[in-house]
Structure formats: C-alpha cells, structure tokens
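Just the heavy atoms: all of them, side chains too, but no hydrogens, waters or symmetry mates, feed the values below.
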Amino acid sequence: MTASNLLGIVRWDPVLTGYLAVILAVSVLCGSVYLLLATNLGVRLGFLVAWTGLWGWMLLMSIVWWVFGIGWIGSQPGWNVLQVATNPAVVPTEEVQQLSAYGLDQIPPDWTVVDEADARSAADSHVVCNDADPRRLLAVNSCLFSAATDYFTHRVVVTGGERYRPLSIPDNVITQYFFPSRGRPNYAVVQIQPFAPVADIDPNQLNEEGEVILPQAEIDDDAPVYSVVMVRDHGSVRLRPALLSIFAALLFGLGCYHLHRRDQAIWAVREAAGQ
C-alpha cells in the first residue's frame, strides 16, 4: 500500500481521523514537555517530573468537572419506561396502583398533574414505532402507534421524588457539593387514548369559504386508556469526574512520593559526603 492510498483511507474514515488527531495532539503536548525536561533533568527524572505534573493537572481539571458537573460526565437524568398497561392495578408498584380507583378527571392523593415535556417525549418514543423500526420484529414489543398524532394525551401525573440527606444533614451551599442528597422513587404516568379512525379527505366537501373540509380527529371512546408508567433516573453526571479525580490523585501522589524518595536519597548522599 502506497503512502497516497494510506492518506486517502485516513481522509475518508472520520473515526480514524479523530483517533489520529487525538493521539497526535497528546503526543505533541506531552512529548514536547517531556523532551524539554529530559534535556535538562535527564531521561528518568524528566519523565518522572512530566508524569507527576500531568496527573497533577488531571487532578485539578477533574475536580472542576466534579464540582460543576461538566467535562467527561456520566449519564444524564431522564425517564425510564417500566410498563405500558391499560389497567394501573396490574403494575407492580403500589403508588401506581392507586390510579386504578380514580378516573381521568380525578387526581389521587400524593399525585400531581404536571406539564412534563420530558415525560411526554419518553412516552412517545416508547409507544410510537414507524414501519422501519426494528422493535416491530420483536415478539413482544410496545409499538402501539405509528405516529404521535394517532392518540391523545390526557394528562401526565407524577408522584414521589422528594430529596433528603441522611443523618438530617441540612441543605446549604457546602453540603450540596460534598454531601449529595438522596431521592425517593419518582414515578410518572402518561395516560393516552387512541383517536378514532379518520375518514379520507373528500375534495367535493367544501365549507362556506370554498375550502376543503378536513376531518377532525376524535377520541375513540371504546378504545382503552393506556398508562405509560415511568420512573425517574437521576443519572450519574458526576460519577466519571469523581472516579477520574480519585485515580488522578493516586497517580499524582505516587509520583510525588517517588520524587520525595529521590530527594531523600540525594540528601543522604550529601550528608555522608560532608562527614
């Protein structure tokens, strides 16, 4: 394979180009610092100083990521669908079972009707499958509709999610960073009902203004009301920065320890030579 062919492959593959760009950037950044230190301190001592400085910088950066929840973060909070049922009483969750005794115009105790866009979006993505969706090939799936316009969303109700800290630790600026709160299970139920089949548009039916009358979608009263039961996943935004901080602290401490041992050895030699 010639050099031109290899260059063509690199230009064509964006993933390979990204890996090479990162490897080259890290090599130039760390390699140039190590080269400068090696010419002044020696190969071994220069590597040890560069290694310790690298992980010291990683420690500071990961602590900033950890505190502010930025950088290389973990999973974001979101709603996870537990079950889709026509009768909330069959859902193996006591809080959700309470909904079976109340109608759509009634609000159970400890439940609140909210306008939660994230919950609606999670429910839509779970029950809506187009013709090309691979979930339709599964023997058991939740593909109830082909489009979000095929059903009406009655309401979104939520319960739970109260935050608390163990040992009655108060909530203030300091504790919110160093003593994360815990949350009780937070459930959301999106109740939807299909529309009745809509008649085809008749171009011969016109209104008073001469426009074609469009058929209006109406709720199918004979169709069941589906309850999309979800639980809130609080995510792990700060988990990766926290683990990186601990890992960087260990390697930074190891490098400082070896540098200190080297200094102690030099001091011992100098004291022996002075005597």
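The hydrophobic cluster containing L259 does not contain L59, counting ILVMFWY residues as joined when their side-chain heavy atoms lie under 4.5 angstrom apart, directly or transitively. There is no path of hydrophobic side-chain contacts, each under 4.5 Å, that joins L29 to L54. Residue F145 is grouped with residue V84 when hydrophobic side chains (ILVMFWY) are merged at heavy-atom distances under 4.5 angstrom, including chains of intermediate members. Both W79 and V128 are members of a single hydrophobic cluster when ILVMFWY side chains are connected at heavy-atom separations under 4.5 Å. Hydrophobic clustering of Ile, Leu, Val, Met, Phe, Trp and Tyr side chains at less than 4.5 Å, counting indirect connections, keeps F152 apart from V225.
Under the 3.5 Å distance criterion, with hydrogens and angles disregarded, a donor-acceptor pair is assigned to the side chains of Y151 and D124.
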Please step through side-chain contact (heavy atoms from CB on, under 4.5 Å) for the pair W65 and I73, ending with a clear verdict. CA-CA 8 Å; W65 289 356; I73 59 177; over 6 Å; no
If you apply the rule side-chain contact (heavy atoms from CB on, under 4.5 Å), what do you find for Y102 with L99, and how did you get there? CA-CA 5 Å; Y102 297 87; L99 295 175; 5.8 Å; no
Would you sort out whether Q191 and T153 count as a side-chain contact (heavy atoms from CB on, under 4.5 Å), showing the intermediate values? CA-CA 6 Å; Q191 295 181 311; T153 303; over 6 Å; no
Can you check side-chain contact (heavy atoms from CB on, under 4.5 Å) on Q193 and Y226, steps first, answer last? CA-CA 6 Å; Q193 191 171 10; Y226 295 97; over 6 Å; no
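Here the CD1 atom belonging to I192 is positioned 6.5 Å from the CG atom belonging to L144, to the nearest 0.5 angstrom. Taken to the nearest 0.5 Å, the CD1 atom of I107 stands 12.0 Å off from the OG1 atom of T159. Atoms OG1 and CG, on T52 and L254 in that order, are 8.0 Å from each other to the nearest 0.5 Å. The OG atom of S75 sits 7.5 Å away from the CZ atom of R240 when rounded to the nearest 0.5 Å. The CG atom of D150 lies 12.0 Å from the CG atom of D220; values are rounded to the nearest 0.5 Å. Atom CD in Q83 sits 9.5 Å away from atom NE2 in H126 (nearest 0.5 Å).
Side-chain atoms of R155 do not come within 3.5 Å of backbone N or O of V113 as any donor-acceptor pair. Checking side-chain atoms of S121 against main-chain N and O of A117 turns up no donor-acceptor pair under 3.5 Å. Using a distance-only test at 3.5 Å, with no hydrogens or angles considered, a donor-acceptor pair links the side chain of Q97 to the main chain of V91.
Heavy atoms only, all atoms of each residue included: V189 and S227 are closest at CG1-CB, 3.8 Å. Here the closest non-hydrogen pair linking Y187 and E95 is CE1-OE1, 3.9 Å. In terms of heavy atoms, F195 sits closest to I219 at CD2-N, 3.8 Å. Taking each heavy atom of T86 and P224 in turn, the nearest pair found is CG2-CB, 3.9 Å. Scanning all heavy atoms of the two residues, the minimum distance from I70 to P241 falls at O-CG, 4.3 Å. The two residues V228 and A123 make their nearest non-hydrogen contact at CG1-CB, 3.9 Å.
Pairs passing the salt bridge (Lys or Arg N to Asp or Glu O under 4.0 Å) check and including a residue from residues 108-123, sequence neighbours excluded, read D115-R120. Sorted by first and then second residue, the salt bridge (Lys or Arg N to Asp or Glu O under 4.0 Å) pairs with a member in residues 135-146 read D133-R135; sequence neighbours excluded.
Evaluated for a side-chain contact (heavy atoms from CB on, under 4.5 Å) with M230, the options L82, V190, V156 yield exactly one hit, V190.
Residues F247 and W55 bring their aromatic ring centres within 6.0 Å.
For Q106, the CD atom counts as densely surrounded, since its 6.0 Å shell holds more than 12 non-hydrogen atoms of other residues, nucleotides or ligands.
Scored by the disulfide bond (SG atoms under 2.5 Å apart) test, C30 finds no partners at all (sequence neighbours excluded).
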